[in-house]
Amino acid sequence: MGQSGQESIYFEAARIEAGQAVPQASHGAVFFYLQFLRFTLAFLGNKYFVGVGLQVFLLMAASLMLYFVLRRLAGRICAIVVLAFCMCAPYVVERSLKLSPEMLYFLLFVLAAAVIMLFAHKGPAGGLFSGIIAAILVYLDVSGLMLLLLAAGAVFSYENKDESPGRKAAWILCFLGGTAAGFAAYAFADSCLSGKSFQGVVRAGYRCYAPGAFRLPGTGGETGAL
């Protein structure tokens, strides 16, 4: 923990000070994390160490839950390997000691994956509910789209081999419909709470993830020129 540092824009934005509110952020995961961090600091102490402890707790909770999800989806050996990576990999350990939305999003992502695994055999209604849950993660960050691949893996897994192809296709269609409807509903709720138009919220999300101009960094001519 000695290398975690004491400088963090997230801590400065979420710390409890008179007259200071959590700033608005177009990225859903960042805004949600700042609210969660501020809530934690209000109850456990307005100190940087509290935020670091929160990060470590989130990583451990997410890793343990991911173990059970993967054990059901891919077997015990795969689950143990991933758990060992989450606990011991230098990159993961380093990221867990720095305040960022990554660990909170990791936990939410695994929770959504657990819901998908639980409702993968519950018919079209289960697919619709799973899609609505997955839409939360897609709205918070575009990497939530990876849940669509996990949903397909859960439906077409060996454990679900007795289901008819038509029933599996219906589940996938309901899942995609639930994801699209949930995303639109969350964007509308965000526009109502923030006082912005629905189109403005959607455009802000697009600007956040739209790719920019493609450039290859290199030096030529004057020293340091791009």
Fill in: Close side-chain approach of S96 and E102, heavy atoms under 4.5 Å
no
**Asked** Does the side chain of L108 come within less than 4.5 Å of I136's, by heavy atoms?
**Response** no
message: Quick check: is Y91 connected to V110 through a chain of hydrophobic side chains (ILVMFWY, heavy atoms under 4.5 Å apart)?
response: yes
Same cluster for L173 and F183 if Ile/Leu/Val/Met/Phe/Trp/Tyr side chains link at under 4.5 Å? no
CG of L54 to OG1 of T40, rounded to nearest 0.5 Å, is 4.5 Å
Residue pair I116 / I133, side-chain heavy-atom distance below 4.5 Å: no
### Common cluster, I80/V82, ILVMFWY with side-chain heavy-atom separation under 4.5 Å
yes
Q.
Let's go through C78 and R71 carefully: what are the C-alpha distance in whole Å and the side-chain angles of both, what is the deciding distance for side chain to side chain contact (heavy atoms under 4.5 Å, CB included) to 0.1 Å, and is it a yes or a no?
A. CA-CA 7 Å; C78 175; R71 191 175 71 171; over 6 Å; no
*Any side-chain heavy atom of I132 sitting closer than 4.5 Å to one from T179?*
no
Quiz prompt | side chain to side chain contact (heavy atoms under 4.5 Å, CB included) evaluation trace for V138 with L147 | solution = CA-CA 9 Å; V138 177; L147 287 170; 5.7 Å; no
Exactly one of F109, Y105, F31, Y186 clears side-chain contact (heavy atoms from CB on, under 4.5 Å) with L140, and that residue is Y105
| said: So for atom CD1, which belongs to I77, do other residues, nucleotides or ligands contribute more than 12 heavy atoms lying within a distance under 6.0 Å? | reply: no
Correct closest heavy-atom pair for G123 and W171 would be O-CD1, 2.9 Å
On a heavy-atom basis, the closest approach of G51 and L41 is N-CD2, 4.4 Å
query: Passes side chain to side chain contact (heavy atoms under 4.5 Å, CB included), R95 versus M103? Steps please.
result: CA-CA 8 Å; R95 298 306 302 172; M103 294 305 157; 3.9 Å; yes
Check your understanding: Any side-chain heavy-atom pair from P124 and F175 closer than 4.5 angstrom?
Key -> no
In short, M117 meets A154 closest at the heavy-atom pair SD-CB, 3.7 Å
All heavy atoms of C86 vs all of L59, minimum pair found to be O-CD2, 3.9 Å
Parallel, tilted or perpendicular, as decided by the 30° and 60° cut-offs, for the rings of F39 and F43 | tilted
Fill in: Hydrophobic cluster membership, F68 vs L150, 4.5 Å side-chain cutoff
yes
Contact between Q55 and L97 at the side-chain level, heavy atoms closer than 4.5 Å - yes or no?
no
Quick one: does R76's side chain get under 4.5 Å of Y67's, heavy atoms only? yes
task: Classify the ring geometry between F129 and F119 as parallel (under 30°), tilted (30 to 60°) or perpendicular (over 60°).
output: tilted
Please say yes or no: joined through hydrophobic side-chain contacts below 4.5 Å, possibly via intermediate residues, are V81 and M87 part of one cluster? no
Practice problem: For the pair V155 and I172, evaluate side chain to side chain contact (heavy atoms under 4.5 Å, CB included) and give the outcome as yes or no after the intermediate values. | Solution: CA-CA 8 Å; V155 171; I172 290 293; 4.2 Å; yes
CG (L148) and OG (S130) are apart, to the nearest 0.5 Å, by 11.5 Å
Rounding to 0.5 Å, atoms OG (S63) and CZ (F106) come to a distance of 4.5 Å
- Task: Taking the side chain as every heavy atom from C-beta outward, state whether Y48 and L99 have any pair of such atoms under 4.5 Å apart.
- Result: yes
